[in-house]
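Below, read A as the first sequence line, B as the second, and so on, with proteins coming before strands; counting in each chain starts at 1. None of these values were measured; they are calculated from a predicted model.
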2 protein chains.
Amino acid sequence: MTQTADRATLPEGGKARRVYLLLRDEIANGLHAENATLPGEQRMAETFGVSRVTVRRALDALSQDGLIERRAGSGTTVRLPPAQAQPIAADFTTLMPQLVEMGQSTTARLLSFSYGAAPDHVRRAMGLGQSARVQIATRVRSAEDRPFSHLTTYVPADIASNYSEGDLATTPLYHLLERSGVTIDEAEQSVSATLASPDVAEALGVSVGSALMSLRRVVRDVNGRGVEYLAALYRPDMFRLDMTLSRVGEGSARHWRPRIGADVPEDGG
Amino acid sequence: MTQTADRATLPEGGKARRVYLLLRDEIANGLHAENATLPGEQRMAETFGVSRVTVRRALDALSQDGLIERRAGSGTTVRLPPAQAQPIAADFTTLMPQLVEMGQSTTARLLSFSYGAAPDHVRRAMGLGQSARVQIATRVRSAEDRPFSHLTTYVPADIASNYSEGDLATTPLYHLLERSGVTIDEAEQSVSATLASPDVAEALGVSVGSALMSLRRVVRDVNGRGVEYLAALYRPDMFRLDMTLSRVGEGSARHWRPRIGADVPEDGG
DNA sequence: CTAATCTGTATTTTTTGTAATACAGTTATT
DNA sequence: AATAACTGTATTACAAAAAATACAGATTAG
């Protein structure tokens with residue numbers, strides 16, 4: 001999960017590609033230390049449940065990516081690429097991506113924009129009525145022209161009508177909402193993981209079937225009304241949710257408390 | 001992502017299975033509302049880049065799982081299974097899974113246990129010396145006999161020697177550490193996503209190549225010394241990280257602050 | 001030196017996926 | 001009621017991918 005794009009030339013949905021993705025993931029996650037020798041091709045073929053030829057094709061691709069080095073007789077060793085791009089870190093406690101630290105800036109591209117009925121699960125989560133109309137916007141956010149997140153937001157139509165399509169590209173959504181007279185009170189969010197479907201995969205420049213981090217967030221106003229529903233997908237190699245906790249209290253009351261991050265500009269991505 | 005195990009009888013690494021996993025994921029994530037009709041088989045074949053026969057095989061499996069209902073002429077509709085098990089929710093701010101609420105209890109099974117040299121990235125993260133020896137334990141945690149997390153912990157050998165292998169099964173690790181004279185000060189954690197490798201997939205009862213949530217945590221004592229490194233993998237259909245934030249402050253200083261969860265017993269899983 | 005283990009290469013066989021075609025059920029339109 | 005345009009169903013012949021097998025060259029451990 002290190003390369004900007006999947007430059008391997010393996011058949012899109014084939015087994016070799018699947019093995020390639022798994023191995024690349026393992027290497028990126030530090031499961032195989034640098035300069036460590038991987039298990040032999042025969043061994044790998046058994047663990048992955050494929051033939052040696054298939055493993056071999058995957059290794060060919062990894063080798064081409066510069067992630068491994070193979071020497072006949074001695075084996076295959078892991079070689080981390082010289083310039084591994086650091087993933088963008090977002091502070092889970094403040095919803096703020098730490099972009100300034102790395103001198104990075106992000107741009108958003110609008111994929112689709114429409115008004116319509118809210119999907120069932122969105123309605124339920126936001127506490128909207130059966131026939132509630134919402135603005136649905138899908139954007140892809142990139143850092144240095146490398147896309148890292150796929151965002152779909154649902155905003156009740158009456159609120160969304162207070163800002164323009166152009167505002168979305170320039171101003172953080174929370175500012176737009178608060179400018180629209182909404183008093184934001186709280187947000188519930190939950191993180192999980194999912195597979196990249198064809199459309200998302202294309203938008204994010206990853207292989208279909210690769211792992212993505214998913215985040216759902218419901219933002220409510222002081223009346224408990226849902227004012228925004230966010231369904232976000234992130235490339236795990238380019239984005240991370242971080243959090244620091246402190247151990248406080250004494251004796252049996254000792255427990256964890258989140259440490260609030262430093263102040264950095266807000267951002268919706 | 002609803003079934004306990006992948007009961008589909010599709011060739012393990014085949015394309016049909018890949019499509020099956022993707023569609024199941026989409027349905028589980030609410031991307032297709034209940035009773036919504038899916039795109040036609042021909043259409044799906046195009047979006048997934050496979051033949052219609054392959055899509056058909058995937059749909060056969062979904063149908064067998066009871067996730068969809070097909071009617072010639074009208075199309076294929078989504079049917080959520082009657083008893084969808086609620087995922088376990090863990091509070092990210094307190095590191096406490098909310099198990100009590102749902103009357104659930106977890107059990108841990110030890111997969112491997114050893115002492116040895118720490119892998120490179122673990123050493124770096126914990127700030128240990130080149131030749132530091134650590135205790136490495138891999139456990140699978142289950143709720144009601146359904147495995148949901150795969151945990152690997154690294155603890156410096158001198159600390160780990162203060163408790164027994166049996167203690168690990170019964171007592172939360174933080175209590176063991178603090179009983180060993182360690183004063184825990186802070187923890188850094190980060191969340192991401194990854195693919196299920198064959199060994200993890202087997203332990204968690206999922207398909208190889210399905211999406212997993214991954215969590216890395218480094219726990220430090222008051223001297224900044226790493227006392228625990230946790231690499232955890234979670235089934236996204238059975239586990240979720242939740243967090244509630246409050247919007248506080250006035251004007252331009254308005255920002256988010258995490259809301260601390262209710263008090264529930266601690267747990268390492 | 002020898003044996004074991006590794007990657008590299010080539011060939012054949014088997015499995016899997018694809019494409020094409022015809023058919024049948026449903027729905028909306030004419 | 002007929003029809004057109006969708007849907008899923010089924011079977012076929014064909015192409016592509018993967019598996020199985022065998023063996024050659026490189027390297028390391030004993």
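When the side-chain hydrogen bond (donor to acceptor under 3.5 Å, both in side chains) test is applied to B/Thr153, no partner is found at least two apart in sequence or on another chain.
Listed by first and then second residue, the salt bridge (charged side-chain N to carboxylate O under 4.0 Å, His left out) pairs involving residues 197-206 of chain B amount to none (not counting sequence neighbours).
Between the P atom of D/dT7 and the CD1 atom of B/Ile68 lies a distance of 15 Å, rounded to the nearest Å. Taking atom CZ of residue B/Arg43 and atom P of nucleotide D/dG8, one finds them 12 Å apart after rounding to whole Å. With rounding to whole Å, A/Glu46 atom CD is found 14 Å from C/dT5 atom C1'. The CD-C1' distance, from A/Glu12 to C/dT16, rounds to 17 Å in whole Å. Spacing between atom CG of A/Asp60 and atom C1' of C/dT7 amounts to 11 Å, rounded to whole angstrom units. A straight line from CG of B/Leu38 to P of D/dC6 spans 18 Å, rounded to a whole angstrom. Straight-line distance from the CD atom of A/Glu69 to the P atom of D/dA26: 17 Å, rounded to whole Å.
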Exercise answer: donor-acceptor pairs, residues 120-133 of chain A side-chain atoms, under 3.5 Å, sequence neighbours excluded:
from: A/Asp120; atom 1: OD1; to: A/Arg123; atom 2: NH2; distance (Å): 3.3
from: A/His121; atom 1: ND1; to: B/Gly30; atom 2: O; distance (Å): 3.1

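Side chains of B/Tyr20 and B/Asp65: a donor-acceptor N/O pair is present below 3.5 angstrom, by distance only. Donor-acceptor pairing under 3.5 Å is lacking for the side chains of B/Ser207 and B/Ser210.
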For nucleotides 27-29 of chain C, tabulate all protein N/O to nucleotide N/O atom pairs closer than 3.5 Å, reporting atom names and distance.
from: C/dT27; atom 1: OP1; to: B/Arg71; atom 2: NH2; distance (Å): 3.4

Where do N or O atoms of nucleotides 14-23 of chain D meet protein N or O atoms at under 3.5 Å, pair by pair?
from: D/dA18; atom 1: OP1; to: A/Lys15; atom 2: N; distance (Å): 2.6
from: D/dA18; atom 1: OP2; to: A/Arg57; atom 2: NH2; distance (Å): 3.2
from: D/dA19; atom 1: OP1; to: A/Lys15; atom 2: NZ; distance (Å): 3.3
from: D/dA19; atom 1: OP2; to: A/Ser51; atom 2: N; distance (Å): 2.7
from: D/dA19; atom 1: OP2; to: A/Ser51; atom 2: OG; distance (Å): 2.9
from: D/dA19; atom 1: OP2; to: A/Thr54; atom 2: OG1; distance (Å): 2.6

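In this structure, the side chain of B/Ser164 engages the main chain of B/Gly166 through a donor-acceptor pair within 3.5 Å.
Between B/Leu151 and B/Thr138 there is no side-chain heavy-atom pair separated by less than 4.5 Å. In this structure, the side chains of B/Ser149 and B/Arg235 stay at 4.5 Å or more apart for every pair of heavy atoms.
At D/dT7, none of the side-chain N or O atoms of B/Arg70 fall inside 4.0 Å of OP1 or OP2 (strictly under the cut-off). For C/dC6, neither phosphate oxygen OP1 nor OP2 lies less than 4.0 angstrom from any side-chain nitrogen or oxygen of A/Thr37.
Over its full length, the helix from C/dC1-D/dG30 to C/dT30-D/dA1 turns its helical axis through 30°, comparing axes from the five pairs at each end and rounding to 10°.
Annotation: the span from A/Glu12 atom CD to A/Arg17 atom CZ amounts to 4.5 Å, rounded to 0.5 Å.
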A/Arg240/A/Tyr234 under side-chain hydrogen bond (donor to acceptor under 3.5 Å, both in side chains): CA gap, chis, key distance, verdict: CA-CA 8 Å; A/Arg240 237 180 29 213; A/Tyr234 299 97; over 6 Å; no
Worked check of salt bridge (charged side-chain N to carboxylate O under 4.0 Å, His left out) between B/Arg217 and B/Glu228: CA-CA 8 Å; B/Arg217 183 186 300 159; B/Glu228 185 206 13; 5.3 Å; no
